[in-house]
2 protein chains.
Amino acid sequence: MGINRDTLGRKPRTRIQKKNTEAILDAALDVFSQYGFRGSTLDQIAKAAGLSKPNLLYYFPSKVAIHRALIDELMQNWLDPLRKMQADGEPVEEILAYVLRKLEMAREFPRESRLFANEIVQGAPNIMDKIEGELKTLVEEKAAVINGWIASGALAPVDPYHLIFSIWSTTQHYADFDVQVRGILKPEGDAHFKDAEAYLDTLFRRMLTPQAG
Amino acid sequence: MGINRDTLGRKPRTRIQKKNTEAILDAALDVFSQYGFRGSTLDQIAKAAGLSKPNLLYYFPSKVAIHRALIDELMQNWLDPLRKMQADGEPVEEILAYVLRKLEMAREFPRESRLFANEIVQGAPNIMDKIEGELKTLVEEKAAVINGWIASGALAPVDPYHLIFSIWSTTQHYADFDVQVRGILKPEGDAHFKDAEAYLDTLFRRMLTPQAG
DNA sequence: TCAAGGTTTGACCATTTGGTCAAGGGAACC
DNA sequence: GGTTCCCTTGACCAAATGGTCAAACCTTGA
């Protein structure tokens, strides 16, 4: 009999549970982010986690349960950088700080970015509700903030939605399309992220800085 | 016995072959672009093409063969917009025209874009050679053109590689992350592409137009 | 130390999957 | 009309896959 999921919830009861659930989620992140949900197998995940398949299924009741656990965890953190964009800051700097936070996340958490990308590209079968729910709400909220900044003259006029899309796409590109970027630039490690940072800073600064006069 | 692939090559011999290979490739584009290679099945493709599985395998020897045929066809057309960016044009307008061509492709050929995205996100197992080959060569060539434009003063100084990456990511975003975009904007059909066009035109125009003085 | 409960696994199962094959059904050219 | 080659399919196969289960193995706390 598997673990009582009702009582497990977020907090593993024992040391072993903690270690193994973490190992499983880490391994699953590796596998799912590389092959997508349907392209990943329990055997792959079990092997990557150093467990037997039945043992893996002792901790999670099914393949989808593992995936859901990952996605839930991811959605918690993924929107944090956007949430931190505050209306009371200096507009251009607030947005640029957001851009850099997103780029930093693409560098530090490329697997999470690719897990998300895989899910969206394939039609977001498991997170459509979250997209139309908390994500949409948050974006609308921040779009209003941006429109407020524009009205105050502190920001050049710009469609806030497409601005946000362009921030997402340009930053996540360095995680999601990593192999392409590396295939073209042939960088040493993460060296190209410095250039990307400078480029994106310029790109969005020029876009957003209001023109005098 | 299946079709003689040596003689088939690009040109189907008969009417029926033409019709069926086209139906298969179209169906396969649907399926592969949605589920990725490993997540797609021959049954799905056969059903979508209106053929039985053995019949499908009469035209293509294996699953990978179908995928390879698609990818090969795709790579032919995918780089055309970039190739069309000519050194003898007006720099800012040349690049902006490229941006709009890419956006147009994202709207007209989202399946192709997603097929490509799926392939790259999952590590580009089948096209790494093309990335490090013709793609890299073409990008380097165009980066040189852009650097020439910058040297002539007709273009603001900018890292040409990251410029190209940002053009790819912002435009393809509307195909690859289509469900997310639609989940947030809730547009009527393709109405949001007009706004995207205006936004990207502004974004890159501001980035690229050299500052007087 | 011993019981109770937590952990691990080999064997197993039904289904799905990529792929084969032989035989039958058509189109087309003579 | 008949022959030749093209096309189609039902039946089949081996391997892979998600998942189950009972039995055995550990930990831990009294």
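Lettering follows sequence order; numbering is per chain, from 1.
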So, OP1 or OP2 of [N]: does either fall under 4.0 Å of a side-chain N or O from [X]?
X       : N     : answer
A:Gln17 : C:dG6 : no
B:Asn20 : D:dT8 : yes
B:Tyr58 : D:dT9 : no

Salt bridge or not for [X] and [Y], using N-O below 4.0 Å?
X        : Y        : answer
A:Asp176 : A:Arg114 : no
A:Arg182 : A:Asp178 : yes
B:Asp201 : B:Arg206 : no
A:Arg107 : A:Glu104 : yes
A:Asp80  : A:Arg101 : no

Subject >> Close residues, residues 36-56 of chain A, relative to DNA chain D [heavy-atom separation under 4.0 Å] >> reply: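 The answer is A:Ser40, A:Thr41, A:Leu42, A:Lys53, A:Pro54.
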> Does any residue of residues 25-34 of chain A have a heavy atom under 4.0 Å from DNA chain D, and if so, which ones, in number order?
Replying inline: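 Going residue by residue through residues 25-34 of chain A, none turns out to have a heavy atom under 4.0 Å of DNA chain D.
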Rounded off to whole Å, could you give me the [atom1]-to-[atom2] distance for the [X] and [N] pair?
X       : N      : atom1 : atom2 : result
B:Leu57 : C:dC21 : CG    : C1'   : 12 Å
B:Lys63 : C:dT20 : NZ    : P     : 15 Å
A:Tyr35 : D:dA16 : OH    : P     : 15 Å
B:Tyr59 : C:dG18 : OH    : C1'   : 20 Å

Hey, are [Y] and [X] close enough side-chain-wise for a donor-acceptor pair under 3.5 Å?
X        : Y        : result
A:Tyr174 : B:His162 : yes
B:Asn118 : B:Gln34  : no
B:Tyr199 : A:Asp159 : no

Exercise. More than 12 foreign heavy atoms under 6.0 Å from NZ of B:Lys47: is that the case here?
Worked result: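 At most 12 heavy atoms, drawn from other residues, nucleotides or ligands, come within 6.0 Å of this atom.
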Looking at B:Arg83, I'd like to know if its CZ atom is crowded, meaning that more than 12 non-hydrogen atoms belonging to other residues, nucleotides or ligands lie closer than 6.0 Å.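 For B:Arg83, atom CZ is crowded (more than 12 foreign heavy atoms under 6.0 Å).
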Checklist entry - Can you list the residues that meet the side-chain hydrogen bond (donor to acceptor under 3.5 Å, both in side chains) rule with B:Glu93, with sequence neighbours excluded? => result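 B:Glu93: side-chain hydrogen bond (donor to acceptor under 3.5 Å, both in side chains) contacts with B:Arg205.
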Just to verify, what does B:Glu119 make a side-chain hydrogen bond (donor to acceptor under 3.5 Å, both in side chains) with, not counting sequence neighbours?
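Applying side-chain hydrogen bond (donor to acceptor under 3.5 Å, both in side chains) to B:Glu119 gives B:Asn126.
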Q) To 10°, what angle do the rotation axes through the five end pairs on each side of the helix from C:dT1-D:dA30 to C:dC30-D:dG1 form? A)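 Computed angle between terminal axes is 10°.
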B:Phe32 and B:Phe37 aromatic ring geometry - parallel, tilted or perpendicular at 30°/60° bounds
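Taking B:Phe32 first and then B:Phe37, their aromatic rings lie parallel (interplane angle under 30°).
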Protein-proximity profile, nucleotides 25-30 of chain D, B/S/- by nucleotide at the 4.0 Å heavy-atom cutoff, equals ------
